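Values below: all heavy atoms of this structure, side chains included; hydrogens, waters and symmetry mates excluded. Treat the numbers as computed from the prediction; the structure is a model and nothing was measured.
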Protein chains: 2
Amino acid sequence: MVQNNLRRFKAEVFQALAHPTRIAVVEALRHGEKSAGQLIEELQLEQANASQHLAVLRSKQLVVNRKEGNQVFYSLRDPNLIKVLDVLKRYFYSHLSQTMSMLEEIRNEEAHKNK
Amino acid sequence: MVQNNLRRFKAEVFQALAHPTRIAVVEALRHGEKSAGQLIEELQLEQANASQHLAVLRSKQLVVNRKEGNQVFYSLRDPNLIKVLDVLKRYFYSHLSQTMSMLEEIRNEEAHKNK
DNA sequence: TGCGAAGATTCGAAGAATAGAATATACTAT
DNA sequence: ATAGTATATTCTATTCTTCGAATCTTCGCA
């Protein structure tokens, strides 16, 4: 029972990370806080869209925010989150060739869509 | 560009893990391979549903399978995957109180639905 | 007070993910 | 061949996600 809820919780964290934009945000915050505006600029996002993704990250508590005047600064709630991404990176590298072919596939899908 | 595809790729891996059942499967495979049937029994899943979730894990290459006669044995493609989960566990523990309240929330939602 | 900037929220449409039911496939043993 | 067991696939209804457009809120400043 507890096991089950714990898994649901883990699933929610993964869910929060299951979008390229949100991964980009987390990576952008790796070395410290940034304002919503900075993130939008740096990652070339639409304002509303960025705000929505930030809301997801907030709701799953992967990031925390702090208001300062007109701006809202975001930072990672926990540096261990970066470790999760780093371990994942190692996971990729240990299967480079397969990773590559998967990327290739993604690229092809892309090319397909744009026709 | 490459950055972007890489993030998409990471997102796909997280997506694959973004379901309690699939997390349960990965955890169940932590110490070695198991047949689909064993997983179904151990995790109390419906056959079709289990098969669908396994298909997701396969398609993202988190697991590999091996046929032996009538049965199909699954195992993790890479032990680093377990490390990802382990790091995540550490992540939980470093925020135990918040984790608890989140679990509490999940439980409440649950109670709500079952009314 | 009123205006502009920074963010957040809400809404509707489109697409993706999920569960279960039914069906299909592949093997084994008779 | 036939039946039975293990697993996969397909279909459908439902729910969840995502996006952009529009709207709101809050703060700072003239």
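In this structure, the separation between CZ on R22(B) and CD on E27(B) is 13.5 Å, given to the nearest 0.5 Å. Note: L17(B) CG to Q15(A) CD = 11.0 Å, rounded to the nearest 0.5 Å.
Within the 4.0 Å cut-off from OP1 or OP2 of dT17(D), not a single side-chain nitrogen or oxygen of H53(A) is found. Checking the phosphate oxygens (OP1, OP2) of dT9(C), no side-chain nitrogen or oxygen of S51(A) falls inside 4.0 Å. Within the 4.0 Å cut-off from OP1 or OP2 of dA8(D), at least one side-chain nitrogen or oxygen of Y74(B) is found.
Going from atom CG of L45(A) over to atom P of dG7(C) covers 12 Å, rounded to whole Å. Here the C1' atom of nucleotide dC16(D) and the NE2 atom of H19(A) are 13 Å apart, to the nearest Å. In this structure, the CD atom of E41(B) is 11 Å from the P atom of dT7(D), given to the nearest Å. Rounded to whole Å, the distance from NZ on K60(A) to C1' on dC16(D) is 11 Å. Straight-line distance from the CG atom of N49(A) to the P atom of dG12(C): 19 Å, rounded to whole Å. Summarising the geometry, the separation between CD on Q71(B) and P on dG4(D) is reported as 19 Å, rounded to the nearest angstrom. The CD atom of E46(A) sits 13 Å away from the C1' atom of dA22(D) (whole-angstrom rounding). Remark: P of dG28(D) and NZ of K67(A) are 12 Å apart, rounded to the nearest angstrom.
Scanning both residues, A28(A) and L39(A), for their nearest heavy atoms gives CB-CD2, 3.8 Å. Nearest heavy-atom pair, L45(B) versus A50(B), reported as atom, atom and distance to 0.1 Å: CD1-CB, 3.8 Å.
A residue-by-residue look at A18(B) and G69(B) shows that A18(B) has its nearest nucleotide of DNA chain C further toward the 5' end. Position along DNA chain D of the nearest nucleotide to T21(A) versus V72(B) favours V72(B) as the more 5'-ward residue.
Counting atom types as modelled, Q52(A) pairs no side-chain N or O with a base atom of dA8(C) as donor and acceptor under 3.5 Å. For dA6(C), the base has no donor-acceptor partner in the side chain of Q47(A) [N/O atoms by modelled type, under 3.5 angstrom]. At a cut-off of 3.5 angstrom, counting only N and O atoms as typed in the model, there is a donor on one side and an acceptor on the other between the side-chain of N70(B) and the base of dT5(D).
Counting heavy atoms from C-beta outward, F14(B) and L85(A) have side chains that approach closer than 4.5 Å.
Nucleic acid contact class of A48(B) (heavy atoms, under 4.0 Å, all strands): base.
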